[in-house]
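Structure, as structure tokens:
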Amino acid sequence: MTTSTGLPVMQETTYDVGGTQIFVAEAGDGPPVLLLHGGGPGASGVSNYTRNIVELAKEYRVIVPDLPGYGRSTKGVDRADPFGHLAGRIRGLLDRLALDRAHLVGNSYGGACALRLALDTPDRVDRMVLMGPGGVGTTRALPTRGLNSLLGYYSGDGPSRLKLEKFIRHHLVFNAAGVPESVIDERYRASIDPEVVAAPPLRRPAGPGALRALWRTDFTRDPRLRRLPVPTLVLWGAEDRVNRPSGARLLADRMPDCDLYLVANTGHWVQFERAGLFNRLCADFLAGRR
């Protein structure tokens, strides 16, 4: 059975994970797969994977959390170690779900969460799919204009629908016309939640520990990456304006079991812009059909 939006009927539960409330939507049966969303303004799990859940749920138990700081989950993230904070909460969610291991699929911020979880506890991850993950080469070049747009959303004159639309259409995707107005409206409403405005989850490192925080968020500086045993598929839009496509090669050159697919005419949102291709590649890779 599906809803009027075309999504399957999903079970919705909120779990207490170390004092953090994490909202989770689930659909399907089979091997567990966590879909971890990106960190743009107004992001949430189901909205980020709206074009993927139906197909993946045909073969997998699809688990879609709102990351801490987003959606219906508790707001606020540890700015001193944001990726570690997210990874710890998602690992705690696996415990609450009584899952020893699971596949991880992560886009952008969610990709950084997945990669950090795998580095810290590789025994908890079966296979991993990363789409333009954050934290790759961040200390090796200045931020892109797209990343600056994302990080600046809550600063200056504050959030606005126009500012969000410019970020999405100019930086997030390759084909601006492919994003419906309804997507922007939904994300804008979520982005101005007073709790989020008071504590934006994705901000530039600041204060005395800023340099250390920046350094620890660059996975290419982590020696564990070269011995990470988790089979990984990296999908990166060739026209990604948020996280540079060169990051794909940085990962492939360092990870011992990493397949790389550079997606033509695609921006930062591979799972949305190239949903059919993504769904096939993701399902096949997680099943070992590669």
Side-chain angles (χ1 to χ4, degrees), residues 35-45 47-52 67 69-70 77 82-83 86 105-116 129-156 159-179 183-184 187-188 190-191 196 200-205 214 217-220 234-252 260-275 277-278:
L35 304 184
L36 306 175
H37 65 81
S44 66
S47 69
N48 270 220
Y49 290 101
T50 188
R51 296 183 174 182
N52 319 113
L67 292 175
Y70 294 86
V77 174
F83 299 160
L86 295 176
V105 176
N107 170 232
S108 195
Y109 203 42
C113 171
L115 189 49
R116 177 63 182 271
V129 178
L130 305 174
M131 302 90 76
V136 179
T138 49
T139 62
R140 301 177 186 274
L142 293 174
T144 63
R145 291 203 303 172
L147 185 56
N148 281 330
S149 176
L150 189 162
L151 293 173
Y153 180 70
Y154 289 100
S155 61
S160 70
R161 190 189 183 285
L162 178 60
K163 189 185 285 189
L164 181 59
E165 182 169 18
K166 285 182 176 180
F167 166 68
I168 290 175
R169 296 200 189 280
H170 295 178
H171 302 294
L172 188 65
V173 298
F174 174 72
N175 177 18
V179 181
V183 169
I184 297 170
R187 288 191 62 145
Y188 176 63
S191 78
V196 177
L202 190 56
R203 291 181 286 180
R204 301 180 193 277
L214 180 63
T217 58
D218 187 345
F219 294 112
T220 66
V234 172
L235 302 173
W236 214 301
E239 305 298 331
D240 192 330
R241 302 183 187 109
V242 176
N243 292 334
R244 290 183 176 87
S246 57
R249 177 50 60 187
L250 290 176
L251 285 179
L260 172 59
Y261 196 112
L262 195 64
V263 188
N265 300 318
T266 305
H268 189 55
W269 229 5
V270 174
Q271 81 281 3
F272 184 88
E273 289 195 88
R274 300 294 297 278
L277 175 67
F278 168 83

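All residue numbers refer to positions in the sequence shown, counting from 1.
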Exam field: side chain N52 to backbone F278, donor-acceptor pair closer than 3.5 Å: no

Side chains of N48 and R187 in contact at under 4.5 Å (non-hydrogen atoms): yes

Geometric class of the H37/Y70 ring pair [parallel <30°, tilted 30-60°, perpendicular >60°]: perpendicular

Contact check, side chains of L172 and F272, non-hydrogen atoms, under 4.5 Å: no

S108 versus G38, closest heavy-atom pair with distance: CB-CA, 4.1 Å

Side chain to side chain contact (heavy atoms under 4.5 Å, CB included) partners for A176, two or more places apart: R169

Flag, side chain of T144 to backbone of R241, donor-acceptor distance under 3.5 Å: yes

Heavy-atom side-chain contact between R116 and L86 under 4.5 Å: no

Side chain to side chain contact (heavy atoms under 4.5 Å, CB included), paired with F174, selected from N265, V263, D240: N265

CA sep, side-chain torsions, deciding dist, call: V136, N243, side chain to side chain contact (heavy atoms under 4.5 Å, CB included): CA-CA 8 Å; V136 179; N243 292 334; over 6 Å; no

Pair Y188-E165, side chain to side chain contact (heavy atoms under 4.5 Å, CB included): steps then yes or no: CA-CA 9 Å; Y188 176 63; E165 182 169 18; over 6 Å; no

For the student: nearest non-hydrogen atoms of K163 and S155, plus distance: NZ-O, 3.3 Å

Spacing of CD belonging to E273 relative to CD belonging to E239, to within rounding of 0.5 Å: 10.0 Å

For L250 against G137, the heavy-atom pair lying closest together: CD1-CA, 4.1 Å

Nearest-0.5 Å distance, CD1 of residue I168 to NE2 of residue H268: 12.0 Å

For the student: nearest non-hydrogen atoms of I184 and L164, plus distance: O-CD2, 3.9 Å

Nearest heavy atoms of W269 and N107, plus distance in Å: CD1-OD1, 3.5 Å

Minimum side-chain heavy-atom gap L251-W236 below 4.5 Å: yes

Close side-chain approach of L150 and Y109, heavy atoms under 4.5 Å: no

Neighbour count >12 (heavy atoms, 6.0 Å) for atom CZ, R161: yes

Minimum side-chain heavy-atom gap H171-L147 below 4.5 Å: no

Heavy-atom pair with the smallest gap, counting every atom of A190 and V196: O-CG2, 4.4 Å

For Y153, side chain to side chain donor-acceptor pair (under 3.5 Å) partners two or more places apart: S191

